[in-house]
Amino acid sequence: MKRIYISQTLKSTGGSAKVSGWVNSIRSHGKIIFIDIRDITGVLQMVISPSNKDIYEKAKQIRPEWVIEAAGKINERPKNMENPDIETGKVEMSVEELNVLSKAETLPFSIESEGYDISEEIRMKYRYLDLRRERLRRNMIMRQKVIQFIREFLIKEGFIEIETPILTKSTPEGARDFIVPSRLQPGSFYALPQSPQQYKQLLMVSGIEKYFQIARCFRDEDPRGDRQPEFTQLDLEMSFADEEEILKLVENLYINIIKDIFPQKKILQIPFPRISYSEAMKEYNSDKPDLRKNKNKDELAFAFIVDFPMFEWKKEENRWDAVHHPFTRPKTDNIDEIKKNPDKILAYQYDFVLNGFEIGGGSLRSYKPEVLEAVFEVMGHKKKDIHQKFGHMLTAFKYGVPPHGGIAPGIDRFMAILLNEPNIREVIAFSKTGDSRDLMMGAPDIVNDEQLKELKLKITKKKK
RNA sequence: GCAGCCGUAGCUUAGCUGGCUCAAAGCGCUGCCCUGUCACGGCAGAGAACGUGGGUUCGAAUCCCAUCGGCUGCGCCA
């Protein structure tokens, strides 16, 4: 007999079925034994009576979380014995065949609860067990649904999904890079991408016009509840689009995600309010204001913060820096003006905000080489450095670059908000600690001397 | 890098103004009893270097120092 999902057993009522899964719980009454079996789709009550001696003796040995398969009749339960709490509560399996596929030791913690009552340290160490928990399983499935929806939506809009390299080049601006030593070029290093920013802009030069990617990004900064060293964002870029077109697309996408996947949530304002940066700072003293009135969990207050300043003064470094990044297009292409009054220059830059969290940011990009160079100059880069670090961009822009822009909404934070989770670790299958460790894998870890030798690396100071 | 909180059976916690509770409880686990439960029930039992190292003291889970680990926030996060 072919194994079916537990959720399908309802359709087999009156007939026979075979299911496989984990033992969710056992209730033994001396003679009659109830075993709840669990698979990805749900839980089913199995009944074992002493009349079938072989099965009964086998069932007595079974313990929670063992992996078993069972076949038998799917019967309607007697009327007063239905369980409205589970999907298959109207039926049960009368077991006629029972096999143990794999035994299990007692789990290090209970997976019946939501998990709030168990320390995160131990949950992360045994994350594969933690993921058996209903709450985590739901989070993974909902996350996948959202990503699937995004894919289908954008592809319908004419976007092309393209993978960009994970091994790439360190960029001097922005967050600290994770670096990867090169074996074939000893002394040189790759960097993991903080975002596919430059690649996606170069794809615009390639004529892709509408690109997207569910992109993993890496930043070697200290994590927070809403920040991980590696995270996922919906990275997208469009040619010939203005700010309005990009924001409308995102607005439309997110309205439909909510409608389709989270119908119980209420979007407070449609269209999403557009608030200028200066207005937001004046009115809310924040560039990611929480616009909900009642702070209700089912309320969603989306907003776009627009018209960010192009530059900010960095006191410690005594120089101007890009608020967003140097590729952002200033609202003027008057080179003299940019160089003379950096503080007065606004940018085509926008943040995407939800319930007081920044869930994305984007901009139109500078596509005129002279504007890009002026921006770098304001930021204190020497011509020579500009060409060393960004020469490929400037060169590319010489060969016919369309005006372009994009946005990159984060997936993790968005999911945490929608699923009412207190931090993004709960929506990431294998997340890292506040110290960027992976407690389950034991990463990061030392490498052996042979590996170091190949890379021509020497560790001068070892942590004890 | 800085600050705060936390670390006692498998899990969650009590004890922590030092000795008579250097260990207790609930859940889980093991065994026995129980034919309809679904947080099954009943009885019995096993299970703890009190994160680690050092110090103070006649005596430390309890006080001090260091260290390791977890969480939160600041710095940082183009």
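Atoms considered below: every heavy atom in the structure, side chains included; atoms not considered: hydrogens, waters and symmetry mates. Here is the naming used below: chain letters follow the sequence lines, and residue numbers restart at 1 for every chain.
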Upstream residue (5' side of RNA chain B) when A:N80 and A:E312 are each assigned their closest nucleotide: A:N80
Minimum-distance nucleotide to A:P64 side chain [options: B:rC77, B:rC38, B:rC29]: B:rC29
Whether A:F218 and A:F178 hold their rings parallel, tilted or perpendicular, with breakpoints at 30° and 60°: perpendicular
For the student: nearest non-hydrogen atoms of A:R77 and A:T88, plus distance: NH2-O, 4.4 Å
A:R63, nearest nucleotide to its side chain (from B:rG69, B:rC38, B:rG31): B:rG31
Side-chain (A:H387) to main-chain (A:D385) donor-acceptor, under 3.5 angstrom: no
Which nucleotide in B:rU35, B:rG36, B:rG70 has an atom nearest any side-chain atom of A:R437: B:rG70
Out of B:rG36, B:rC29, B:rC71, whichever nucleotide has its closest atom nearest the side chain of A:M124: B:rC71
Selection from B:rU35, B:rC29, B:rG69 that lies nearest to any side-chain heavy atom of A:T106: B:rC29
Option from A:K297, A:R143, A:R138 for which salt bridge (Lys or Arg N to Asp or Glu O under 4.0 Å) with A:E421 holds: A:R138
Pair of N/O donor and acceptor under 3.5 Å linking B:rC77 base with A:R227 side chain: yes
Watson-Crick or G-U counterpart of B:rC43, or none if no pair lies under 3.5 Å: B:rG31
A:A175 side chain, from C-beta outward: closest of B:rG69, B:rC77, B:rU37: B:rC77
Minimum-distance nucleotide to A:R77 side chain [options: B:rC71, B:rC77, B:rU37]: B:rU37
Sugar-phosphate, base or nothing in reach of A:T328, heavy atoms under 4.0 Å: nothing
A:R137 side-chain N/O to A:I40 backbone N/O, donor-acceptor pair under 3.5 Å: yes
Parallel, tilted or perpendicular, as decided by the 30° and 60° cut-offs, for the rings of A:F352 and A:F272: parallel
Separation of atom CD in A:E82 from atom P in B:rU37, rounded to whole Å: 14 Å
A:H29 vs B:rU37: side-chain N/O to OP1/OP2 distance below 4.0 Å: no
Strand-adjacent residues in residues 110-123 of chain A, judged by heavy atoms under 4.0 Å from RNA chain B: A:D117, A:I118, A:S119, A:E120, A:E121, A:I122
Whole-Å gap separating P (B:rC71) and CG (A:D226): 14 Å
No-hydrogen, no-angle side-chain donor-acceptor test under 3.5 Å, A:Q213 and A:D235: no
No-H, no-angle donor-acceptor pair, A:D435 side chain to B:rG70 base, under 3.5 Å: no
Side-chain ion pair, A:D307 and A:K331, N-O less than 4.0 Å: yes
Any strand: nucleotide that pairs with B:rG1 via Watson-Crick or wobble, under 3.5 Å: B:rC74
Spacing between A:L129 atom CG and B:rG10 atom C1', to the nearest angstrom: 12 Å
A:Y348 six-ring face occupied by A:R365 cation (under 6.0 Å, within 45°): no
Distance, rounded to the nearest Å, where A:Q61 contributes CD and B:rG31 contributes P: 9 Å
Selection from B:rG69, B:rC76, B:rG28 that lies nearest to any side-chain heavy atom of A:R224: B:rC76
Close residues, residues 83-92 of chain A, relative to RNA chain B [heavy-atom separation under 4.0 Å]: A:N83, A:E92
Partners meeting side chain to side chain contact (heavy atoms under 4.5 Å, CB included) with A:R3 (sequence neighbours left out): A:Y5, A:S20, A:D39
